[in-house]
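Letters go in sequence order (proteins before strands), and every chain restarts at 1. What you see is a predicted model; the values in this text were computed from it and never measured. Worth knowing before you read on, the calculation uses all heavy atoms, side chains too, and leaves out hydrogens, waters and symmetry mates.
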Protein chains: 2
Amino acid sequence: MLRLSKLTDYAVVVMARLARDGALPEGQVQTAPGLAQATGIAEPTVAKVLKILGQAGLVEGVRGARGGYRLTRPLSAVPLSAVIVAIDGPIALTACVDGGQGGCEAQGICAVRGRWDPVNDAIRRALSGITLADLAGPSCCAVPTMLVAE
Amino acid sequence: MLRLSKLTDYAVVVMARLARDGALPEGQVQTAPGLAQATGIAEPTVAKVLKILGQAGLVEGVRGARGGYRLTRPLSAVPLSAVIVAIDGPIALTACVDGGQGGCEAQGICAVRGRWDPVNDAIRRALSGITLADLAGPSCCAVPTMLVAE
DNA sequence: TCAAATAGGACCATTTGGGTCCCCTTTGAA
DNA sequence: TTCAAAGGGGACCCAAATGGTCCTATTTGA
């Protein structure tokens, strides 16, 4: 189905939510449990996503009591591809592309060897042109209408 | 990694090979075992791929002795997206998009609801602009250099 | 009449990813 | 000084999707 992982989906939702108050560096932080409740995503999962995003530098974690997370950049400065790369790894449609180094066993025969690059580039270009601000939209900062029960 | 399935990869390879002789309708057919040997892909897998491609109308199967498969269109008339859709199903990055009908349980909260469509469109556009001829290239019709041992 | 080849579906095993939990470190507040 | 709240990092388990194989029926040329 050519889908991206749920984790990536969650990451987008969490970051969109994160932009609500503590929009930028030095802004107010939000805790993982709080984000979990606000988004309806299970708390351990939110924590996991935030850890990964932190390692990628997309969010900044503040440790200790009264700690939490904040964005390091405005949503408009975060291309969707950055989130995908952070969560899912490099964008490459096939396993036999660059870096694979001996993955495909039919190298001698494969007629399309080395020709996937234009495809990958096209995908990357499409995903780089869309920012999280495009996904969140102006209505992103509206107050949440409800919280999930359980 | 945002990858497509191996089956799709196989399909591209098989179709590229299929274009070698029996390029078009009324052309010479090639058998599944023959294609398997020519591509280095396991024979049952090749058969499976060809069946799916047949159902999608991308190849035409000829039954009976001396049967086989041939392309229904030249590679230049087959967008990559057609193969992906045939094997993997509709191209949609997230599960919560059109048709999902009640998939996401956090509908009341989700800030990015209904905003993935532009992304999906961008991907579809990128994949529709590339044909199998682009992937196979002029060198596609060169004789295979070797066959895999086992 | 037989053999070759497709058509279709059922089936199993493996892998990948989703999700959870644990312990450690940090740090503000009592 | 102590405690509690929160992030950091990793290990672990389970399940769903996928890859891959096989079996049977049907078709058709020799």
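- A/L7 comes within 4.0 angstrom of sugar-phosphate atoms only, judged by non-hydrogen atoms across all strands, and of no base.
- Of the candidates C/dT20, C/dG9, D/dG20, the closest approach to any side-chain atom of A/K48 belongs to C/dT20.
- Candidate nucleotides C/dA4, D/dG7, D/dT21 were compared by shortest atom distance to the side chain of A/Y69, and D/dG7 ranks first.
- Within the structure, every side-chain polar atom (N or O) of B/T31 is placed at least 4.0 Å from both OP1 and OP2 of C/dT6.
- C/dT16 atom P lies 18 Å from atom CG of A/L4, rounded to whole Å.
- Between D/dG10, C/dA4, D/dA25, one nucleotide has an atom nearer to the side chain of B/R63 than all others, and that is D/dA25.
- Taking atom CZ on B/R3 and atom P on C/dT15, their separation rounds to 13 Å, with Å as the unit.
- When the nucleotides C/dG28, D/dG7, D/dG19 are ranked by their closest atom to the side chain of A/A32, D/dG7 comes out on top.
- Whole-Å rounding puts the A/I41 CD1 to C/dG18 P distance at 12 Å.
- For the atom pair OG1 (A/T39) and CZ (A/R17), the distance works out to 8.0 Å, reported to the nearest 0.5 Å.
- Among the heavy atoms of the strands lying under 4.0 Å from B/G68 are primed sugar atoms or P, OP1, OP2 only; no base atom is included.
- Comparing atom distances between the A/P33 side chain and each of C/dT6, D/dG7, D/dT21 picks out D/dG7 as nearest.
- Distances shorter than 4.0 Å separate none of the side-chain N or O atoms of A/T45 from OP1 or OP2 on C/dG18.
- Comparing D/dG29, C/dC21, C/dT27 by their closest approach to the side chain of A/A65 singles out C/dT27.
- Toward the 5′ end of DNA chain D lies the nearest nucleotide of A/G61, the other residue of the pair A/G61 and B/R66 mapping further downstream.
- Separating the CG atom of B/L50 from the P atom of C/dA7 is a distance of 9 Å, rounded to the nearest angstrom.
- The main-chain N or O of B/I91 is never found under 3.5 Å from a side-chain atom of B/N120 such that the two would form a donor-acceptor pair.
- Atom CG of residue B/L75 and atom CG of residue B/L80 lie 11.5 Å apart, to the nearest 0.5 angstrom.
- Rounded to an integer number of Å, the gap from A/K51 NZ to C/dG18 C1' is 14 Å.
- In this structure, CG of B/L18 is placed 14 Å from C1' of C/dT6, rounded to the nearest angstrom.
- Distance CD/A/Q28 to CZ/A/R66: 9.0 Å, rounded to 0.5 Å.
- Under 4.0 angstrom from either OP1 or OP2 of D/dG9 there lies at least one side-chain N or O belonging to A/Q55.
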Report task. Apply side-chain hydrogen bond (donor to acceptor under 3.5 Å, both in side chains) to A/T131 and A/S76, showing your working. Result -> CA-CA 5 Å; A/T131 72; A/S76 58; over 6 Å; no

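- For B/Q28 and D/dG29, the CD to C1' distance is 14 Å, given to the nearest whole Å.
- Sequence order on DNA chain C of the closest nucleotides to A/E43 and A/G64 puts A/E43 first from the 5' end.
- When heavy atoms are screened at a 4.0 angstrom cut-off, B/K6 is found touching the sugar-phosphate backbone but no base atom.
- Counting heavy atoms from C-beta on, the side chains of B/L18 and B/R70 never come closer than 4.5 Å.
- Rounded to whole Å, atom P of D/dT18 lies 15 Å from atom OH of B/Y10.
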